[in-house]
Amino acid sequence: MTVRWHETPLLDPGMFYDYERAILAQASTGDVPLGFARLGPCALVGVFDDPDRSLRRSFVDGHLPIVRRRTGGGSLYVDQGTTLMVAALPRVLVAQHALTAIIALVGEVIAEALRSQGMSATFTAPNDITDDGRKRGSVFAVRCGEEILIEAALLFAVDIDSLMKTIKLPLEKLSAAGLLAAAQRFAPIGGREPSAVAARIYPAIAAALATRLTMGVAVQTPPAVRIEPPPPGRTGLIPDVSAFLKTQGGVLYLDILLDGENVRAARVNGGVQCAGATDLEQLANAMTGVRLDDLEAAALAAAPRDTLGFDHRDVGYLARLCVERQLLGERLGIPGGAERVTLYSPRRDQGFADLLADVGALLLPYCAKPAWCKWRHRDGCPECGQCAVGEAYRLGRERDLPVTTITRYEHLHMVLAQLRATGIRTFLGVCCTEFFLKRDYAFVEAGLGAIFIDIGGDTCYALRAEESAYRGEFTAEATLDSRLLDQVLRLSDTHDPSI
């Protein structure tokens with residue numbers, strides 16, 4: 001048996017689905033087909049991902065084709081600076097079939113090949129190839145019948161500007177300084193001569209994979225491909241309630257449509273990896289038709305077991321978050337209000353009612369203060385009555401809750417440490433969801449419970465100006481919904497265990 005590798009000419013993005021099919025077909029002979037392909041510019045979406053959640057559709061639509069690959073993981077911006085390594089391994093060749101082990105094997109092979117060519121490279125779990133923490137590539141895998149489809153995005157050159165416009169990530173502003181900061185997260189393989197480097201790297205990876213599998217290695221011609229559109233995905237649904245959970249393997253989302261107390265339809269997605277291409281669809285089917293009271297148990301029972309960076313406990317907790325949001329929404333009495341409230345329980349042992357009853361402080365973002373206010377970049381508020389932040393201070397003062405305006409990222413760390421030192425176990429915070437997803441480790445480190453109310457308007461993430469915001473220099477104005485804050489605090493006043 002032999003690792004047969006090839007380099008394919010530049011592919012139209014619409015051909016990639018058929019290219020994957022051709023690679024899988026070649027594996028039926030018992031050999032390992034290995035291709036190195038480049039695509040025209042496109043947004044390459046993971047099989048489980050939702051492009052509406054992962055892509056900036058305002059930029060992508062009409063500008064870039066959206067291509068769905070067969071493997072999971074996050075969405076990518078791909079152009080000729082990215083090589084997509086695609087391989088198919090017959091399952092009989094892999095002694096350990098677990099997704100984590102397969103991705104680690106391939107990641108270590110790629111890192112070894114780069115080191116053999118004098119480049120610094122390490123496989124970093126769960127699925128990255130890095131150089132001193134900077135990304136050089138990522139590995140993805142999925143089971144397709146009797147074969148395992150392996151894909152890796154190898155970054156020979158990175159177009160930071162296009163990446164930041166395409167992927168809906170909390171990234172730096174599109175200024176020279178912001179682009180430089182983002183560029184420092186990557187360590188492109190190609191240097192000044194990507195084509196020359198690729199000519200050395202491709203055979204090195206093929207040789208390293210052949211050695212690891214105890215096989216021979218040979219060059220072959222690229223397979224014939226044509227534009228063959230992928231099968232249509234599941235139709236979307238407009239959920240009655242949604243929830244999200246950040247895991248080591250990516251952000252998981254659960255959307256449910258209700259029929260009274262029963263789940264009429266469910267959808268699970270995210271930039272995550274599962275061994276089976278239909279694992280999350282099967283999970284959603286298992287939750288459909290069950291009562292809300294039984295949703296967590298159904299999710300735990302049907303959760304896929306062979307995953308990367310998350311497990312059945314995460315899936316069960318995600319279902320519980322969804323139910324909690326539905327119950328909270330019924331109590332708030334504000335249309336869509338619960339979708340703008342997120343709970344954080346460090347040990348996952350507190351629901352909204354527990355957290356509400358334990359709130360001991362109120363934290364507000366400076367970006368919600370008017371740009372003209374002399375208190376915008378200072379902690380405190382004179383409560384002049386001209387903005388929602390002043391109303392928030394009044395609501396906190398009436399309840400003897402200490403209120404703090406967070407003026408910069410370092411200030412947040414200091415305030416969280418002070419809360420913990422004074423015995424406060426839970427706080428009510430106002431921040432955008434993007435900040436929570438990007439900087440959740442600040443709250444994990446603090447070990448405090450939290451309830452977050454989302455803000456809207458011109459947030460630093462919407463304007464791609466997060467770095468200036470962290471320094472306390474953001475000038476646009478976000479919006480704070482004081483009515484929603486009031487209702488949440490009123491529920492906290494009641495300490496109602498029925499929430």
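The figures that follow rest on heavy atoms only: side chains count, while hydrogens, waters and symmetry mates do not. Since this is a predicted model, take the numbers as computed values, not measurements.
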Sub-4.5 Å side-chain heavy-atom contact between Phe123 and Ile103 | yes
Exercise: do Ser242 and Asp255 side chains pair donor with acceptor under 3.5 Å | yes
Taking atom CD1 of Ile102 and atom CG of Leu149, what is their separation to the nearest 0.5 Å?
-> 11.0 Å
Could you tell me whether a side-chain N or O of Arg115 sits under 3.5 Å from a main-chain N or O of Ala121, the two making a donor and an acceptor?
-> yes
Taking atom CD of Glu147 and atom CG of Leu24, what is their separation to the nearest 0.5 Å?
-> 6.5 Å
Is the closest basic N to carboxylate O distance between Glu151 and Arg70 below 4.0 Å?
-> no
For the rings on Phe48 and Tyr253, is their centre-to-centre separation under 6.0 Å?
-> no
Measuring from Glu7:CD to Leu34:CG, what's the distance to the nearest 0.5 Å?
-> 11.5 Å
Using only heavy-atom distances, determine whether the side chains of Arg340 and Thr433 contain a donor-acceptor pair under 3.5 Å.
-> no
Six-ring centre of Phe186, Arg136 cation under 6.0 angstrom, axis tolerance 45° | no
Look at the aromatic rings of Tyr409 and His413 and report parallel, tilted or perpendicular, splitting at 30° and 60°.
-> perpendicular
What orientation do Phe436 and Phe452 show, parallel under 30°, tilted 30 to 60°, or perpendicular over 60°?
-> tilted
What do the steps show when you test Val86 against Tyr19 for side-chain contact (heavy atoms from CB on, under 4.5 Å), and what is the final call?
-> CA-CA 9 Å; Val86 183; Tyr19 182 72; 3.9 Å; yes
Quick one: list whatever passes side chain to side chain contact (heavy atoms under 4.5 Å, CB included) with Ser345, sequence neighbours left out.
-> Tyr317, Leu343, Asp349, Gln350
Verify, without hydrogens or angle tests, whether Arg320 (side chain) and Glu296 (backbone) share a donor-acceptor contact under 3.5 angstrom.
-> no
Quick check: are there more than 12 heavy atoms from other residues, nucleotides or ligands sitting under 6.0 Å from CZ of Arg264?
-> no
Polar side-chain atom of Asp131 near backbone of Ala187 as donor-acceptor pair, under 3.5 Å | no
Answer yes if the side chains of Thr130 and Thr124 hold a donor-acceptor pair under 3.5 Å, and no otherwise.
-> yes
Can any side-chain N or O of Thr29 pair as donor or acceptor with the backbone N or O of Gln26 at less than 3.5 Å?
-> yes
Salt bridge (charged side-chain N to carboxylate O under 4.0 Å, His left out) with Asp132: which residues, sequence neighbours excluded?
-> none
Answer yes when Glu108 and Arg212 have at least one side-chain N-carboxylate O distance shorter than 4.0 Å, and no when they do not.
-> yes
State, with a plain yes or no, whether a side-chain heavy atom of Leu252 is found less than 4.5 Å away from one of Phe244.
-> no
Thr82 and Tyr77 side chains, donor-acceptor separation under 3.5 Å | no
Side chains of Ser58 and Arg56, donor plus acceptor under 3.5 Å = no
Passing candidate, side-chain contact (heavy atoms from CB on, under 4.5 Å) with Pro41, options Thr166, Asp79, Val78 = Asp79
Could you give me the CA-CA distance, side-chain angles and deciding distance for Arg53 and Asp49, then say whether salt bridge (charged side-chain N to carboxylate O under 4.0 Å, His left out) is met?
-> CA-CA 8 Å; Arg53 283 174 164 142; Asp49 214 356; over 6 Å; no
Salt-bridge present (Asp314, Arg348; N to O < 4.0 Å) | yes
Going through the checks in order, is the side-chain contact (heavy atoms from CB on, under 4.5 Å) test met by Leu485 and Leu428?
-> CA-CA 9 Å; Leu485 175 61; Leu428 176 58; 3.5 Å; yes
I would like to know whether Arg4 and Val32 meet side-chain contact (heavy atoms from CB on, under 4.5 Å); could you show each step before the answer?
-> CA-CA 6 Å; Arg4 300 188 179 277; Val32 174; over 6 Å; no
For Arg267 and Ala284, indicate whether the former's side chain and the latter's backbone hold a donor-acceptor pair under 3.5 Å.
-> no
Polar side-chain atom of Arg291 near backbone of Asn262 as donor-acceptor pair, under 3.5 Å = no
Does Arg143 reach the main-chain N or O of Glu146 with its side chain, forming a donor-acceptor pair under 3.5 Å?
-> no
